[in-house]
Protein chains: 2
Amino acid sequence: MAPTGPDRRPTLADVAARAGVSTALVSIVMRDVPGASAATRERVRRAAEEIGYRPDNRARLLRSSRSRLLGVVFGVQHAFHGDLVSGLYAAAERVGYELTLSAVTPERDELRAVAGLLQDRCEALIILGPQSGTTALADLAARLPVVVVARSVRSAAVDVVRTADDEGVQLAVDHLVALGHRDVVHVDGGRAPGAAERRRGYRDAVRRHCLTPRILPGGLTEDDGAAAARALLAGPLPSAVTVFNDRCALGLLDVLRRAGRTVPGEVSVTGYDDSRIARLASVDLTSVAQDVEQLTTLAVRRALDRLDGVPVRQREQVVPPRLVVRSTTAPPRRER
Amino acid sequence: MAPTGPDRRPTLADVAARAGVSTALVSIVMRDVPGASAATRERVRRAAEEIGYRPDNRARLLRSSRSRLLGVVFGVQHAFHGDLVSGLYAAAERVGYELTLSAVTPERDELRAVAGLLQDRCEALIILGPQSGTTALADLAARLPVVVVARSVRSAAVDVVRTADDEGVQLAVDHLVALGHRDVVHVDGGRAPGAAERRRGYRDAVRRHCLTPRILPGGLTEDDGAAAARALLAGPLPSAVTVFNDRCALGLLDVLRRAGRTVPGEVSVTGYDDSRIARLASVDLTSVAQDVEQLTTLAVRRALDRLDGVPVRQREQVVPPRLVVRSTTAPPRRER
DNA sequence: CGTTCGTCCTAGAACGTTCTAGGGCACATC
DNA sequence: GATGTGCCCTAGAACGTTCTAGGACGAACG
C-alpha cells in the first residue's frame, strides 16, 4: 500500500519520481512535444506504463487556456442525432479536439443541457436541431461560439450548418413528376426544425411544374403519419405523397397498406432523412439523404474558425441533399 | 475591455473583488454551505450575477477529491440506450451526481469511449449493454467501480443490473399459450446482450407447457427480422412467434404482412423492449417492457454503494419485466 | 476583568497539470 | 580561450477552485 493513500490515482509526480526526472519532462513526453531525448522518452513511457498513469483531463484543461473541447447538445431520442454525433466525433478527432456530450431528454431540457456544458470549459457549442428560441440562442452566442446544426436560425450571432431542405423536397417532387405524377400531396412537419423549408420547397417545386399544391398537417412521429394517412383515405387518393420525414412516412405507409392500398402501386411515397429504417430491405423507402459527413465536418470547422478569429463570409452554410430512390416510388397507374 | 483580456471568463477572484470579500467566502456562498451572513451572501450573489460568473467545473473537480461524476458509456444507435440515459440523468441528479456521457459509434469503439471517461475523473462507470469481453470489463473494474446495465457478466469484479430476460420471454409465451397457441416459435438474438437469457426463457416456458421448442436465427435489426420471416414463410406458419426485440419483430411483421399474412389473424407476434416504436398506434406491438426507472435507479445506487464501501450482498440485481399486451397477439384461428 | 465560545471572515496551501525562464553541457565558431 | 548555439532538462509560477487554519470581534460566563 502506497504511503499517500490506498488507491490514489497516479500523477505526473509519481511517474517523474519513478523515472528520476522532473514533472515537466514527463509532461513533455506525455504530450509528445519536442524537448526530450529518445532514451528518456522511452524510460518515462515505461515508468508511466508500470504504475498505470493516466493524464487527468481536468487538471490539463485547467492549466491550458484552450481546452480543445467542443460541447455538443443532442436529443437522446433522435435517431438522426445519433448519426450526427458519430460524425462529430470523427470530425473533432481529425482536428485534435475532444467532444463533451450533453443530452436533451424528456425531463432534461435544452437549457439544462447547455448549462452543464458551460461549466465544462468548452470552447464552443454545437447544438443539434435546437428547440430553443432565437433570442436564447443569440444570448448564448454572446458567451461563446455557437453552431446550430440542422435548423436555420434568424440571428446574426449564431452560425448555422444545415441541409438545403427546400431542395430536398424539390428533388423528391421532381422525381415524382418525372415518373409521371401530377397529383402530389405534401405531409407537413408542423413546427419541427426544417419543416418550413421543406414545405416551401414543396410549394415551389409543385408550382414550377404548374400543379396545385396540397398540404396536409403531419408531424415528426409515426403516429402523425398515421393520422395523415387516415385524412388522405377520407377522400380520393393522390398518386404521390412527399412526407416530412421517414418516421412520419413510415406511419403513413403502414396505415395505407393496412387499408389495402398498395405502395407504390396506387400511391408513391417519399420520406426524408434516409434513416436506417428507410434503408431496411423491408421498408425500402425512397428518401432524401442529408450529408452527415459534410454537415458535421462543416460544423466543427466553423466552430474552430470562430475560435481562431478567422473572418467568416457566410453565417449559414447549406449542404445539398441527395435523393435516394428506392421502391416506394414508381410511375402512377395508367388509369383515369 | 478588461485589462486582463478581451473576453476572459470571470472567476471567483473577479466576483470577490467586486463584492469586496475574499475568494474563499465567494466559494462558500456559491456552494451554499454555512459560513456566511445572509447580508454578505446576498451581496456576493448579486456581484456574481452582474459579471455573469459561472463556476469552473474543471477547477472545482480538480480541487475536491470526490468529483461526484459518473461516466456513462452508451451506444448512439440504440434507442433503448436513449431511454436508459434519460433515466440515469434523473437518478444521478437525485443523489447529487453529474453524468458525463461517452458514446460508442460505428467508428469509435467501447475501448475509446471508456478511455475518454477515465481521463475525466469519473468516480465510477456505468456501461450500457457492453460488447467488451468479461476480462476487459474485469480489468477495468480493478481501476474503479463498474456497473454493467442490461447484460449479464460472469465476473465477480463488476456489478450488473439487468432485466430478468428469461422471465420476459416466459411471460410472452405464457400469454400466447393462455390465448390457445400450441405452436410458438422463437426468433433469436444471436450473440446480442440478453439473447441467451431470452432463448433460455423461451425454452423453459415452452417445455413447461409440454410443447416443442423451435428457434430461428434472428438478430437485433429489422433486416434480421425480415430474414427470419422469409425463413418462416418457407414452411407451414406457426401460430405465434416471440421475437428477440422490437426492431427485429418489426422487420418480421412487415415481411409477413406484405406476404399477405394477417397479424394477429394468422400469426401472433411479440417483441421485446416496449420501445417507442412498439407503442405506436400503427404498430401496436405486444412487447416485454423493461423497467427503465428501476434499472437506472439501481445502477446509480450500486455505483454509489461501491464508492462508499457499503458491503454489497448480491453482485447482480435482476429486475422483473412486464408484459404489455397490444394488438399483435390474439387467440389462434379456429381451423386445422 | 479574563476566559470561552460563537459567528463571520481571510490567508494561503493544496489539486495535477502546462508554461515560462532559464541552467548545464557539448560542440562548433571566432 | 571566449562566445555562441543547440539540445536536454528543471524550477517554479500559473490555472480556478476548495480546504485547512486560523484571526477578529462581540457576547456570555466564571
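Since the structure is predicted, the reported quantities are computational estimates derived from the model, not experimental observations. Sequence lines set the chain letters: A, B, ... in the order given, protein chains first and strands last, and positions in each chain run from 1.
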Trainee: Quickly work out the A:Asp120 CG to D:dT17 P distance and round it to whole Å.
Mentor: 13 Å
Trainee: What is the distance, to the nearest angstrom, from the CD1 atom on B:Ile28 to the P atom on D:dT18?
Mentor: 10 Å
Trainee: Round to a whole Å and report the spacing from CD of A:Glu42 to C1' of D:dC8.
Mentor: 17 Å
Trainee: Check this for me: does any side-chain nitrogen of one of B:Arg45 and B:Asp32 sit under 4.0 Å from a carboxylate oxygen of the other?
Mentor: yes
Trainee: When we call it a touch if two heavy atoms are under 4.0 Å apart, what does B:Ala24 touch: a base, just sugar-phosphate, or nothing?
Mentor: base
Trainee: Between C1' on D:dT17 and CG on B:Asp32, what's the gap in Å once rounded to a whole number?
Mentor: 17 Å
Trainee: Does a side-chain N or O of A:Arg60 approach OP1 or OP2 of C:dG16 to a distance below 4.0 Å, or not?
Mentor: no
Trainee: Whole Å only: how far is the CG atom of B:Leu62 from the C1' atom of C:dA14?
Mentor: 9 Å
Trainee: What is the distance, rounded to the nearest whole Å, between atom CZ of B:Arg121 and atom P of D:dT18?
Mentor: 13 Å
Trainee: So, is A:Ser27 close to the C:dT18 phosphate, meaning a side-chain N or O under 4.0 Å from OP1 or OP2?
Mentor: yes
Trainee: Roughly how many Å is it from CG in A:Leu25 to C1' in D:dC7, rounded to a whole number?
Mentor: 12 Å
Trainee: Would you say the base of D:dT18 and the side-chain of B:Arg63 have a donor-acceptor pair closer than 3.5 Å?
Mentor: yes
Trainee: Determine the contact category for B:Thr11: base if any of its heavy atoms lies under 4.0 Å from a base atom, sugar-phosphate if only primed atoms, P, OP1 or OP2 are that close, otherwise nothing.
Mentor: sugar-phosphate
Trainee: In this structure, how many angstroms lie between the P atom of D:dC15 and the CG atom of B:Leu61, rounded?
Mentor: 19 Å
Trainee: Name the residue from A:Asp83, A:Leu84, A:Val300 that meets the side-chain contact (heavy atoms from CB on, under 4.5 Å) definition with A:Leu295.
Mentor: A:Leu84
Trainee: Which nucleotide sits closest to the side chain of B:Ser37: D:dT17, C:dC9, C:dT18?
Mentor: C:dC9
Trainee: Pick the nucleotide of DNA chain D nearest each of B:Asp56 and A:Thr40; which residue has the one closer to the 5' end?
Mentor: A:Thr40
Trainee: Do you know the tightest heavy-atom contact between A:Ala113 and A:Val73?
Mentor: CB-CG1, 4.1 Å
Trainee: Please figure out whether B:Ser64 or A:Thr23 has its closest DNA chain C nucleotide nearer the 5' end.
Mentor: B:Ser64
Trainee: Which is more 5' along DNA chain C, the nucleotide nearest B:Arg41 or the one nearest B:Ala59? Just name the residue.
Mentor: B:Arg41
Trainee: Out of B:Val292, B:Leu101, B:Leu70, B:Ile126, which one pairs with B:Leu88 under the side-chain contact (heavy atoms from CB on, under 4.5 Å) rule?
Mentor: B:Ile126
Trainee: Is A:Arg162 salt-bridged to A:Glu316, going by a charged N under 4.0 Å from an acidic O?
Mentor: yes
Trainee: Just to be sure I understand the rule, does B:Arg58 reach a base, reach only the sugar-phosphate, or reach nothing, if contact means heavy atoms closer than 4.0 Å?
Mentor: nothing
Trainee: Need one value for A:Arg54: base, sugar-phosphate or nothing, where a base atom within 4.0 Å counts as base even if backbone is also close, heavy atoms only.
Mentor: sugar-phosphate
